[in-house]
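When a ligand or atom number is given, it counts from 1 through the structure's own listing order.
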Amino acid sequence: MGTLLLDNIGQLVLPLADEGTTKSPLHIIHNAALLIDEGHVAWIGTRDEFKKEHPDFSAEEVDLHGQCIMPGFVDSHTHVVFAGERIDEMERRCRGESYEEIAAAGGGIAFSASQMTTISENDLVEQSIPRLDTLIQKGTTTCEIKSGYGLEPQAELKQLRAIKALQAQHPMDIKATVLAHIVPQPFKTKRADYIKIFSDDVLEQAARQELAHYCDIFIEEGAFSRDEARLIAKRAKALGLGLKLHVDQLTSGQGAELAAELGALSADHLERISPTGPAMLAKAGVIATMLPACKLFLGAGPWVNGRNLRDAGCEVAVATDCNPGSAMVSDLPLCATMAATLGGLSLAEALWGITRGGAKALGLNDRGTLNVGERADLVVLEHSDWRALLYRPANPPIARVMIQGRWMQNTLS
Ligand code: NIG
Ligand code: FE
């Protein structure tokens with residue numbers, strides 16, 4: 001892989017390691033250079049400093065002609081491995097049915113689960129590859145993927161194995177999460193039995209076979225209660241899995257408070273967080289994750305209020321939630337634009353949310369800032385002002401994307 005100098009960078013955008021309560025969580029070096037060695041960042045600074053410190057430099061160089069560089073985006077919440085689309089559900093919602101009504105009538109997550117039972121592991125992998133390719137084209141270099149469409153243990157484990165196969169063969173850096181999504185139909189009157197089976201079989205196997213790094217639980221009416229979530233979370237933590245939670249999305253359920261109580265890495269959704277929730281998340285150091293594509297896609301319900309979260313002291317990540325039912329969206333910069341224009345974040349906070357914020361929501365300290373020693377995961381913007389990324393929603397001027405020192409072929413023009 002060797003050494004590569006990226007020279008003549010107009011703006012080198014470096015998110016701060018911690019967002020804290022800073023007004024602008026980005027540091028920008030103008031007229032910069034960035035040296036990559038063996039897939040990692042080896043040096044950053046101004047061009048002048050580089051020339052002074054390396055007068056005899058002679059390895060490969062790329063002239064960026066004043067374009068911007070920022071860290072590759074970290075999508076900390078997706079469900080991109082699934083079987084079967086749900087286009088008709090969008091049509092039904094546009095005619096007045098709600099997401100909850102469609103789910104109660106056998107659609108929604110249960111429909112995706114029915115598709116998961118018949119698909120082969122190989123087809124699941126093949127169908128997911130183009131989705132991951134699209135994420136990379138939009139600048140994402142690390143992506144979390146959840147299970148949760150299997151429901152029954154065998155199908156959950158099949159979905160997790162497909163994610164593991166993608167980890168091995170796709171250039172995207174993938175982190176896997178085992179998701180307790182809903183209780184499947186045969187267990188509707190035996191919920192405690194399902195929780196036991198999910199814990200004993202799915203969580204146990206996922207941890208033992210290293211099929212997952214994290215556990216997530218959908219806490220919602222029609223999904224899991226807070227007490228049920230406590231049981232699942234306890235087992236997950238005992239198995240060494242990091243905890244992430246879907247909370248306060250469709251109803252207000254004191255989910256943020258539970259995330260704080262359980263010491264989750266992140267609390268995701270938060271459209272209906274309680275008035276005391278933001279301060280609780282901030283105090284417990286739980287990353288608040290905005291998923292604004294859900295509102296774009298479903299139409300109903302409030303926008304998540306990122307300003308409120310930041311003002312309470314939370315560090316805020318932004319993710320796509322890419323899934324076939326509530327957010328068929330692979331464009332993380334678009335989500336960052338919505339987090340700013342409709343969710344109240346500044347442009348700098350929105351960029352922090354899809355870079356370092358996403359990394360923190362996954363507990364990862366080797367990416368998201370482009371500091372020396374980090375993975376060389378980066379996005380080159382065909383513009384001299386980094387804010388053009390968010391100024392052109394759905395059409396971000398991304399020139400190329402690098403993952404661990406390698407240019408992604410599908411992003412080279
Ligand atoms: O994050 N909220 C739960 N899970 C997904 C939706 C899953 C689906 O509808 O397929 C979400 O929105
Ligand atoms: Fe989700």
Side-chain angles (χ1 to χ4, degrees), residues 75-90 92-93 97-116 124 128 131 135 143-151 155-156 159 163 175-184 214-225 229 232 243-253 255 259 264-273 287-304 317-330 332 335 338 358 361-362:
D75 195 344
S76 62
H77 182 141
T78 86
H79 310 249
V80 290
V81 171
F82 60 84
E85 295 179 316
R86 288 167 28 206
I87 299 173
D88 58 319
E89 292 186 8
M90 176 180 251
R92 286 165 68 182
R93 277 194 301 277
E97 268 184 275
S98 70
Y99 178 82
E100 294 94 319
E101 283 165 347
I102 292 169
I109 296 164
F111 175 80
S112 288
S114 70
Q115 305 296 294
M116 186 62 74
L124 205 47
S128 303
R131 296 182 201 132
L135 285 166
C143 163
E144 181 257 21
I145 308 178
K146 300 178 198 295
S147 69
Y149 287 130
L151 308 183
E156 275 298 309
Q159 198 184 355
I163 298 171
K175 304 293 173 195
T177 298
V178 51
L179 169 63
H181 216 172
I182 56 169
V183 175
Y214 315 94
C215 171
D216 192 342
I217 309 162
F218 184 23
I219 297 157
E220 187 57 67
E221 284 174 17
F224 292 94
S225 71
I232 297 169
L243 188 63
K244 299 172 71 62
L245 299 174
H246 281 72
V247 289
D248 300 328
Q249 179 191 12
L250 305 169
T251 55
S252 186
L265 274 169
S266 73
D268 302 23
H269 278 297
L270 304 170
E271 288 88 338
R272 297 176 199 268
I273 190 169
I287 304 295
T289 302
M290 299 169 72
L291 307 169
C294 284
K295 164 71 181 164
L296 172 78
F297 198 83
L298 294 177
W303 286 98
V304 54
V318 179
T320 61
D321 196 15
C322 182
N323 77 78
S326 70
M328 193 62 174
V329 175
S330 326
L332 196 46
C335 297
M338 289 190 286
L362 293 171

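A donor-acceptor distance shorter than 3.5 angstrom exists from the side chain of Glu220 to the backbone of Thr251, with no hydrogens or angles considered. Checked by atom type and distance alone, the side chain of Lys244 never pairs as donor or acceptor with a backbone atom of Asp268 at under 3.5 Å. Proximity of a side-chain donor or acceptor of Glu156 to a complementary backbone N or O of Gly150 within less than 3.5 Å is detected. Of the possible polar contacts, one joining the Arg272 side chain to the Leu250 backbone as a donor-acceptor pair under 3.5 Å is found. Between the Asp75 side chain and the Thr320 main chain, a donor and an acceptor come within less than 3.5 Å of each other.
Between the side chains of Ser330 and Arg131, no donor-acceptor pair of N or O atoms lies under 3.5 Å. Between the side chains of His269 and His77, no donor N or O sits under 3.5 Å from an acceptor N or O.
At least one side-chain heavy atom of Leu362 sits less than 4.5 Å from a side-chain heavy atom of Ser76.
Not one N, O or S atom of Cys294 sits under 2.8 Å from the Fe ion (ligand 2). Under 2.8 Å from the Fe ion (ligand 2) lies an N/O/S atom of Asp321, whether from backbone or side chain. The Fe ion (ligand 2) has an N, O or S atom of His77 closer than 2.8 Å.
Vertex the Fe ion (ligand 2); arms to His246 NE2 and His79 NE2; angle rounded to 10 degrees, 110°.
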Please tabulate, one line per pair, the protein N or O atoms found under 3.5 Å from any N or O atom of ligand 1, giving the distance to one decimal.
unit_1, atom_1, unit_2, atom_2, d
ligand 1, 1 (O), His79, NE2, 3.4
ligand 1, 1 (O), His246, NE2, 3.0
ligand 1, 1 (O), His269, NE2, 3.1
ligand 1, 1 (O), Asp321, OD1, 2.9
ligand 1, 1 (O), Asp321, OD2, 2.8
ligand 1, 2 (N), Gln249, OE1, 3.0
ligand 1, 4 (N), His181, NE2, 2.8
ligand 1, 9 (O), Arg86, NH2, 2.9
ligand 1, 9 (O), Tyr99, OH, 2.4
ligand 1, 10 (O), Arg86, NH1, 2.7
ligand 1, 10 (O), Arg86, NH2, 3.4
ligand 1, 10 (O), Tyr149, OH, 2.6
ligand 1, 12 (O), Asp321, OD2, 2.9
ligand 1, 12 (O), Ser326, OG, 2.6

